[in-house]
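Everything numeric here is computed off the predicted structure, so don't read it as measured data. First listed ligand is number 1; within each ligand, the first listed atom is number 1.
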Amino acid sequence: MNELGRTEDLLGRDTELLWHPYSSLTAPSPTRLVTGADGVRLQLADGAGGTVEAIDAMASWWCMIHGYRNPVLDQALKDQVDRFSHVMFGGLTHEPAVRLAERLVDLTPDPLRHVFFCDSGSVSVEVAMKLALQYQVARGRTGRTRMLTVRGGYHGDTFAPMSVCDPVNGMHSLFTGALKEQVFGPQPPAGFDRAADDPELVAWAGELRSVAARSSDEIAAIIVEPILQGAGGMYPYSPACLRVLREVADEYGFLLILDEIATGFGRTGTLFASEHAGVDPDILCVGKALTGGYLTLAAMLCTAEVARTVSDGPGGALMHGPTFMANPLACSVALASIDLLLGQDWQAEIDRISTGLATGLAPAAELPGVKDVRVIGAVGVVQLAGPVDLPRMTDAVLRRGVWVRPFRDLVYTMPPYVCTDSDIATIGTAITEAIAESN
Ligand SMILES: *Cc1c(COP(=O)(O)O)cnc(C)c1O
């Protein structure tokens with residue numbers, strides 16, 4: 001079989017066999033074959049027996065911050081393979097887990113002291129919610145079994161996280177009766193720069209407070225994505241809103257869970273997005289960029305007070321323990337990724353990308369059919385007036401050498417931090433031209 005034959009054969013078998021994210025097996029959307037990846041570029045089969053290169057403007061769903069085949073991360077992984085690849089975490093421990101936990105406790109807001117490792121972001125959110133429920137039981141507040149969140153959020157695809165995703169975009173109607181009914185407050189008003197005394201923000205805070213007051217006896221914790229709602233709509237909001245959520249939590253004895261799975265490790269311009277607001281959570285979730293995109297790993301961190309209360313409470317333990325907890329390969333590559341990030345002037349790199357994206361996407365704001373262009377940290381978003389034609393837009397951007405995966409009305413980029421200025425310019429131009437062409 002020649003190259004073209006092999007590609008067509010693989011794609012055909014894929015279509016027959018495989019679910020892709022949010023996909024149908026009877027009406028599959030186009031899927032491309034990756035034949036290699038290096039630096040910030042993917043090599044894709046071109047459908048004619050050759051390959052094309054494309055800058056990965058998605059960083060493999062916001063994870064691959066240092067690029068593909070990064071020599072430092074590759075080496076960290078190989079070194080750990082030569083020691084051991086996995087051991088159970090029940091009754092056993094290892095250096096990569098201990099060192100990574102220390103590192104995370106050092107880097108995250110001060111009150112966070114203890115770490116639970118798990119396999120994916122969704123599972124870390126499950127564990128965070130479970131911990132909050134166990135905390136309230138230990139405090140004798142057994143009626144507090146619900147979460148308070150805001151509309152527009154995204155926290156993962158397993159059932160507990162799904163219950164706190166936006167009820168409309170999260171398609172709660174499909175799962176009525178199977179999902180825990182959580183308490184939803186209004187979405188914070190749009191815009192990072194909104195001041196605390198901004199009238200819309202004050203009105204939002206008032207509504208949020210009354211929702212909280214109405215159900216306070218039932219609420220265990222507030223859970224939100226700080227500063228930037230990601231998969232719910234690439235939607236930045238003011239640090240002042242996060243401070244309101246902290247106040248409300250303190251007032252009623254709710255815990256505050258911050259989901260930094262998307263925002264952690266510099267993406268919004270601070271190492272963790274909560275730093276924009278100076279707000280410390282009781283529980284924090286990190287994932288995605290944690291391993292530099294190499295392996296699946298997430299972590300839940302909590303304060304000493306929460307850990308002590310749950311450990312001394314009924315059950316006497318946090319009731320969770322995944323098979324692949326604290327996988328040594330994943331922990332090793334995460335340590336290497338964090339060292340690589342902090343070993344450079346990462347803030348300057350994010351600022352550089354931010355400026356490049358703002359410049360590159362600015363012309364899109366003038367195009368018909370474009371509703372909004374926004375940039376926060378290393379995140380660039382073009383919001384259209386209506387839904388994106390996914391296959392057509394993906395194609396149009398790819399023809400210009402860039403890989404994107406738009407959703408709903410959004411064409412956006414969260415590029416690897418190692419993109420050069422010229423890569424960032426290419427991403428900006430490709431997105432802008434593709435949108436212009438589609439109108
Ligand atoms: C991606 C994401 C999750 C889910 O993480 P998975 O690793 O896909 O389970 C949860 N919360 C936020 C904010 C995310 O962006």
Side-chain angles (χ1 to χ4, degrees), residues 19-23 58-65 108 116-132 147 149-166 169-171 179 182 187-188 221-237 242 245 256-268 270-274 276 281 283-301 320 322-327 330-331 333-334 337 376-379 381 405-408 410 412-414:
W19 298 103
H20 284 264
Y22 307 97
S23 70
M58 300 283 94
S60 267
W61 268 342
W62 329 346
C63 298
M64 192 62 71
I65 53 177
T108 54
F116 186 102
F117 286 118
C118 51
D119 333 47
S120 75
S122 300
V123 175
S124 75
V125 172
E126 296 273 354
V127 175
M129 289 168 70
K130 191 184 271 189
L131 185 66
M147 298 288 142
T149 187
V150 294
R151 288 178 183 272
Y154 176 81
H155 297 284
D157 287 352
T158 58
F159 272 81
M162 213 168 36
S163 72
V164 286
C165 289
D166 184 82
N169 297 322
M171 291 183 290
L179 278 190
Q182 311 290 13
Q187 187 177 39
I222 297 177
I223 177 166
V224 291
E225 297 154 277
I227 307 301
L228 179 71
Q229 292 186 322
M234 311 308 290
Y235 180 97
Y237 66 87
L242 200 56
L245 291 164
L256 179 64
I257 304 171
L258 294 186
D259 176 350
E260 295 237 22
I261 292 166
T263 52
F265 304 103
R267 186 54 74 174
T268 67
T270 50
L271 199 54
F272 295 93
S274 63
H276 289 292
I283 300 177
L284 173 74
C285 295
V286 295
K288 286 205 163 90
L290 173 60
T291 63
Y294 268 55
L295 282 169
T296 175
L297 181 73
M300 188 270 318
L301 287 89
H320 215 97
T323 306
F324 285 96
M325 188 167 186
N327 173 262
C331 289
V333 79
S337 174
I376 177 171
V379 184
V381 186
R405 185 77 179 161
F407 68 99
R408 298 213 307 268
L410 303 169
Y412 74 97
T413 173
M414 283 172 94

Tell me, with the steps shown, if Ser163 and Met129 meet side chain to side chain contact (heavy atoms under 4.5 Å, CB included).
CA-CA 11 Å; Ser163 72; Met129 289 168 70; 4.1 Å; yes
List the residues meeting ring pair (Phe, Tyr, Trp, His ring centres under 6.0 Å) with Phe117, not counting sequence neighbours, and say none if there are none.
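With neighbours one apart ignored, the set is empty.
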Go through the structure and list residues passing side-chain hydrogen bond (donor to acceptor under 3.5 Å, both in side chains) with Ser23, not counting sequence neighbours.
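Not a single residue meets the side-chain hydrogen bond (donor to acceptor under 3.5 Å, both in side chains) criterion with Ser23.
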Applying side-chain hydrogen bond (donor to acceptor under 3.5 Å, both in side chains), can you list everything that pairs with Tyr154, at least two apart in sequence or on another chain?
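With sequence neighbours excluded, Tyr154 shows a side-chain hydrogen bond (donor to acceptor under 3.5 Å, both in side chains) to Asp157, given in chain and number order.
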Near ligand 1, which residues have a heavy atom under 4.0 Å away from one of its atoms?
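Heavy-atom contacts below 4.0 Å: Trp62, Ser120, Gly121, Ser122, Tyr154, His155, Gly156, Glu225, Asp259, Ile261, Ala262, Lys288.
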Is there a donor-acceptor pair closer than 3.5 Å between any side-chain N or O of Thr149 and the backbone N or O of Ile223?
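Here the side-chain-to-backbone pair exists.
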Val379/Trp62 under side chain to side chain contact (heavy atoms under 4.5 Å, CB included): CA gap, chis, key distance, verdict:
CA-CA 10 Å; Val379 184; Trp62 329 346; over 6 Å; no
